[in-house]
There are 2 protein chains.
Amino acid sequence: MAKNKNTEQKIFDAATELFMEKGVDRTSVRDIASKAGINLALMNYYFRSKENLFDAIFTNLVKENTRELLKILDSDMDLEEKVQNYVNAYIDILTSNPLLVPFFMAIIHRSQDKITKMKMISNLYGTEKFSQQIVDEGKKGTIRRTDPSHFFVDMISLITFPFAIRPLIMDRNEMSAEDFNLFIHERKEHVTNLLLKNMKDC
Amino acid sequence: MAKNKNTEQKIFDAATELFMEKGVDRTSVRDIASKAGINLALMNYYFRSKENLFDAIFTNLVKENTRELLKILDSDMDLEEKVQNYVNAYIDILTSNPLLVPFFMAIIHRSQDKITKMKMISNLYGTEKFSQQIVDEGKKGTIRRTDPSHFFVDMISLITFPFAIRPLIMDRNEMSAEDFNLFIHERKEHVTNLLLKNMKDC
DNA sequence: GAGTGTTTAAAATATAGTTTAAAACAATAT
DNA sequence: ATATTGTTTTAAACTATATTTTAAACACTC
């Protein structure tokens, strides 16, 4: 840990951790200040309010975690390779930060009014190009005709949902954090197969 | 005697709505009182505390919404019919109360410590009997050998996740609430097919 | 050492959940 | 019909904590 991180960054980091762990509403600015080792009022000095700080953190998290995924969707790989890459990359991202999904879920539920936030997560979603590719390959006959919106929802559901219910899965199957990661790792191939098999006629 | 049942129920109902809509932590007891049209102190009179009220509501919601699903899983249908019934029943329940999933997600994230709550949701999960059935039919050769825990996660993910991101789906595809219901209705068959097809060799 | 940006301490607001004490009510026994 | 009792409701107070604002202290640069 770099020891002279500037104060703004310390606040930002501490808040990020706390928001993800305990949820925005159960994190007080005192918690943030004390975790960052700074005075209470500094949060206000750097980010006018808690809500503002939250916005900054949220925007940052979305940017950090979508770039790679969108690049894959927009690339020129064929569908099969693309799905495979997307699933792997997405699961890798989430494995290295298992709280990302519950955090986003909470935000969707929490700030339905704030369309802006919605739009940002929404971009995690399929691009036009990807949808078109599914339609095209359906017409060409390389794959079964598939509704892109259902396909996309399937894919995201299968990838992300296990992280949303991670505590339940771990509890029920008596898994450690490592066990869970193993389980999730298995899902890379499992989900890819499930999705691709469904696209093929048979 | 009739009147007090009324008040208690009014509090219970108002709180249920608010908790599901805005989340537990963003709902104040004053909100509840005003929505229920009762005095602030009555909440404490009937349910000792907000957390207590929350527990009561939560327990009730779980009970209400799992009974039918567990009955299906424990029934003597063959696997194919069972999956079909489960998917349909689950989607019907969620369609008639689209906030159920986000609410449960929030709880999982919110009260990871409270094991009891975990266990309750956990029972939404596959029963032993169902898992065994998957293993058995795999051995018999009626279906491909399938890992029950992955299968179950797949099934729940595909059913419930769309509700967790409902605002996003609606926003992105410019859907009204009705459109969304239609989309979800389509998923009954879609998800069933996806799951069943994957269990067959081909 | 004046001026700048940064940090601290403390006061002022605001809102949360909970508790109290007494009034209003309903049912029943006198 | 009235007094007694237990239940339900009310308004206000209490306690705790969250958030925002203000002003002063510090430290660095020019």
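All chains are named by letter (A, B, ...) in the order of the sequence lines, taking the proteins before the strands, and each is independently numbered beginning at 1. Computation of the quantities below employed the complete heavy-atom set of this structure, encompassing side-chain atoms and omitting hydrogens, waters and symmetry-equivalent molecules.
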Base, sugar-phosphate, or nothing: which does [X] touch, judged by heavy atoms less than 4.0 Å apart?
X: A:V29; answer: sugar-phosphate
X: B:T27; answer: sugar-phosphate
X: B:F47; answer: nothing

Ring centres under 6.0 angstrom apart (A:Y86, A:F130): no
Flag for A:S176-A:D179: side-chain donor and acceptor within less than 3.5 Å: yes
Check: B:D154/A:H190 side-chain N/O donor and acceptor closer than 3.5 Å: yes
Closest-nucleotide ordering on DNA chain D, the 5'-leading residue of A:N44 and A:S28: A:S28
I want to check one thing: is the phosphate of [N], taken as OP1 and OP2, less than 4.0 Å away from some side-chain N or O of [X]?
X: B:T7; N: D:dT9; value: yes
X: A:Y46; N: C:dT7; value: yes
X: B:Y45; N: D:dT9; value: no

Spacing of [X] atom [atom1] relative to [N] atom [atom2], expressed in whole Å:
X: A:R30; N: C:dT8; atom1: CZ; atom2: C1'; value: 15 Å
X: A:E51; N: C:dT15; atom1: CD; atom2: C1'; value: 16 Å
X: B:M43; N: C:dA16; atom1: CE; atom2: P; value: 12 Å
X: B:N6; N: D:dT7; atom1: CG; atom2: P; value: 18 Å
X: A:L53; N: D:dA18; atom1: CG; atom2: P; value: 16 Å
X: B:N52; N: C:dT19; atom1: CG; atom2: C1'; value: 16 Å
X: A:L42; N: C:dT7; atom1: CG; atom2: C1'; value: 5 Å
X: B:E8; N: D:dT9; atom1: CD; atom2: P; value: 10 Å

Ring geometry between B:F58 and B:F103 (parallel below 30°, tilted from 30 to 60°, perpendicular above 60°): tilted
Among A:N193, A:N88, A:D92, the one residue meeting side-chain hydrogen bond (donor to acceptor under 3.5 Å, both in side chains) with A:K188: A:D92
hbond_proxy B:R48 side chain to C:dT18 base (donor-acceptor, 3.5 Å cutoff): no
5' precedence on DNA chain C between B:D31 and A:L40 (nearest-nucleotide basis): A:L40
Closest to side chain of B:A41, choosing from C:dG17, C:dT20, D:dT21: C:dT20
